[in-house]
Amino acid sequence: MVKALFPLTLKEASVKRRGKTLAGPIDLALNRDGITIVMGPNGAGKTTLLRMMHGIDRLSTGSVTWAVPDTVARAQQAFVFQTPVILRRTVLENLAYPLHLIGMAKKEAEKRALQACADIGLSGHEGLRATRLSGGEKQKLALARALIRNPQVLFLDEPCANLDGPSTREIEALLNQAKLRDTGIIMSTHSIGQAQRLANTVIFMHKGALVEHSPSSVFFETPQTPQATAFLKGDILE
Ligand SMILES: Nc1ncnc2c1ncn2[C@@H]1O[C@H](COP(=O)(O)OP(=O)(O)OP(=O)(O)O)[C@@H](O)[C@H]1O
Ligand SMILES: [Mg+2]
């Protein structure tokens with residue numbers, strides 16, 4: 001049994017570049033609670049916060065820690081970027097790649113990759129060069145590849161930003177399935193509707209600061225700050 005990664009603890013964590021604070025200082029304790037949605041206007045620091053949590057942005061102050069050592073935590077996390085990273089290989093090879101990396105036998109990796117391919121509705125496309133897929137299909141492929149090792153934590157940065165309704169629905173279904181398999185999901189979105197459909201917990205960012213961290217029902221029904229209230233009303237935040 002793999003040791004539980006959560007809680008994730010941020011203490012005075014900040015990222016500064018060229019004298020500018022992109023996010024922080026942030027204090028936050030996050031338990032595994034299904035889907036955590038990060039919201040906030042453009043430039044609020046959502047992407048930076050996700051990257052800090054995943055350990056790919058160097059901290060300028062403070063710390064980000066999991067309940068297990070960093071190397072153990074890292075092996076149990078996956079990150080889906082806003083523009084999906086697709087290998088210039090076939091769809092099947094893209095899916096099998098993370099399994100090869102952890103040393104899984106070729107036959108077993110291929111079996112799992114075939115299943116994952118079917119799960120995202122891409123059966124028949126196994127041998128296609130993945131760079132030929134449509135934007136929505138690439139996003140589903142990136143998500144399936146991130147999930148194929150059953151990570152304890154999955155980060156996603158606006159995975160549905162350029163997708164239409166049906167593709168968004170498919171991605172959301174995959175996320176809900178992963179949640180049922182106990183993957184903790186931390187994801188940014190601009191869509192209030194998507195946040196309402198998916199979130200168990202909401203983090204609201206504004207100007208690099210973490211302004212609100214509440215259960216979804218509290219955030220949407222009785223937001224605690226003027227910034228979140230204005231954002232939910234559709235006002236433009238300065
Ligand atoms: N390397 C960098 N150097 C300087 N400023 C940066 C750098 N990277 C990001 N920023 C700035 O940091 C701020 C936070 O950026 P971030 O990408 O985290 O915001 P965001 O909430 O994800 O925005 P969006 O909704 O547009 O994706 C922005 O003002 C951005 O311009
Ligand atoms: Mg962003």
Side-chain angles (χ1 to χ4, degrees), residues 8-28 30 35-65 74 77-86 135-136 138-140 142-143 146 153-165 167-168 171-172 175 184-214 216 219-220 223-238:
L8 166 65
T9 310
L10 278 72
K11 284 201 176 126
E12 298 274 316
S14 74
V15 170
K16 299 176 192 172
R17 298 288 180 262
R18 294 191 218 115
K20 182 183 177 229
T21 300
L22 315 195
I26 292 174
D27 285 286
L28 169 70
L30 210 59
I35 302 181
T36 299
I37 295 283
V38 182
M39 303 199 81
N42 288 131
K46 302 180 293 297
T47 299
T48 308
L49 176 65
L50 295 178
R51 293 172 58 93
M52 282 161 86
M53 289 174 164
H54 187 47
I56 49 176
D57 261 357
R58 180 174 43 82
L59 296 179
S60 305
T61 64
S63 62
V64 171
T65 48
R74 186 58 81 84
Q77 298 175 40
F79 198 112
V80 176
F81 294 91
Q82 188 168 4
T83 308
V85 179
I86 298 295
K138 279 186 191 138
Q139 197 56 270
K140 279 195 293 179
L143 177 54
V153 187
L154 173 66
F155 293 100
L156 305 107
D157 194 10
E158 301 196 34
C160 302
N162 302 308
L163 304 187
D164 62 13
S167 300
T168 298
I171 298 272
E172 290 183 2
L175 293 175
I185 294 167
I186 306 173
M187 164 180 151
S188 68
T189 181
H190 268 105
S191 160
I192 293 174
Q194 179 166 62
Q196 284 173 322
R197 287 191 295 278
L198 292 179
N200 296 94
T201 305
V202 176
I203 288 174
F204 184 74
M205 303 277 299
H206 186 221
K207 294 186 175 170
L210 190 155
V211 175
E212 220 166 308
H213 175 205
S214 335
S216 167
F219 181 79
F220 289 112
Q224 306 290 301
T225 57
Q227 295 97 319
T229 307
F231 182 81
L232 289 173
K233 266 191 7 208
D235 290 350
I236 293 169
L237 290 189
E238 298 302 336

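Just so you know, ligand 1 is whichever comes first in the structure, and atom 1 is the first atom listed for that ligand. We're numbering straight along the sequence, starting at 1.
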E12/T61 under side-chain hydrogen bond (donor to acceptor under 3.5 Å, both in side chains): CA gap, chis, key distance, verdict: CA-CA 7 Å; E12 298 274 316; T61 64; 5.9 Å; no
Go through E158 and T189 one step at a time and tell me if the side-chain hydrogen bond (donor to acceptor under 3.5 Å, both in side chains) criterion holds. CA-CA 5 Å; E158 301 196 34; T189 181; over 6 Å; no
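If you look at M205 next to ligand 1, there are no close heavy atoms at all, none under 4.0 Å. Of all the heavy atoms of A23, none lies under 4.0 Å from any atom of ligand 1, so neither backbone nor side chain is involved.
Residue I86 comes nearest to K138 through the heavy atom pair CD1-O, 3.7 Å, listed as atom of the first residue, atom of the second, then distance. The nearest pair of heavy atoms linking A195 to F220 is CB-CZ, 3.6 Å. Of all heavy-atom pairs between M205 and A44, the closest is O-CB, 3.5 Å. Nearest heavy atoms, K16 versus S60: N-OG, 2.8 Å. Nearest heavy atom pair, residue H54 against residue Q77, reads ND1-OE1, 2.7 Å.
Protein heavy atom nearest atom 25 (O) of ligand 1, with residue, atom name and distance: K46 NZ, 2.7 Å. Scanning the protein for heavy atoms near atom 24 (P) of ligand 1, the closest one is N42 ND2, 3.6 Å. Here the protein heavy atom with the shortest distance to atom 17 (O) of ligand 1 is T47 CB, 3.6 Å. Considering only non-hydrogen protein atoms, atom 19 (O) of ligand 1 sits nearest to G45 N, 3.3 Å. Among protein heavy atoms, the minimum distance from atom 23 (O) of ligand 1 is reached at G43 N, 2.8 Å. For atom 16 (P) of ligand 1, the closest non-hydrogen atom on the protein side is T48 OG1, 3.6 Å. Looking only at protein heavy atoms, the nearest one to atom 30 (C) of ligand 1 is K20 NZ, 4.2 Å. The nearest protein atom to atom 27 (O) of ligand 1, hydrogens excluded, is given as E158 OE2, 3.6 Å; this is a heavy-atom distance.
Residue-ligand proximity: H190 is placed with a non-hydrogen atom under 4.0 Å from ligand 1. Residue Q82 places no heavy atom under 4.0 Å from ligand 1. Within the 4.0 Å heavy-atom shell around ligand 1 one does not find G208.
Side chains of S188 and D157: a donor on one and an acceptor on the other come within 3.5 Å.
For residue T47, an N/O/S atom approaches the Mg ion (ligand 2) to within less than 2.8 Å.
Interface atoms of ligand 1 facing P41, defined by a heavy-atom separation under 4.0 Å, are 21 (O).
Residue contacts with ligand 1: R17 is placed with no nitrogen or oxygen under 3.5 Å of a nitrogen or oxygen of the ligand (distance criterion only). The distance criterion of under 3.5 Å between nitrogen or oxygen atoms is not met by L22 with respect to ligand 1. Below 3.5 Å of separation, one finds no N or O of G40 facing any N or O of ligand 1.
Considering CE of M187 and CZ of F155, their distance stands at 13.5 Å, rounded to 0.5 Å. The CD1 atom of I35 sits 11.0 Å away from the CZ atom of R197 when rounded to the nearest 0.5 Å.
Heavy-atom contacts from other residues, nucleotides or ligands closer than 6.0 Å to CG of D27 number more than 12.
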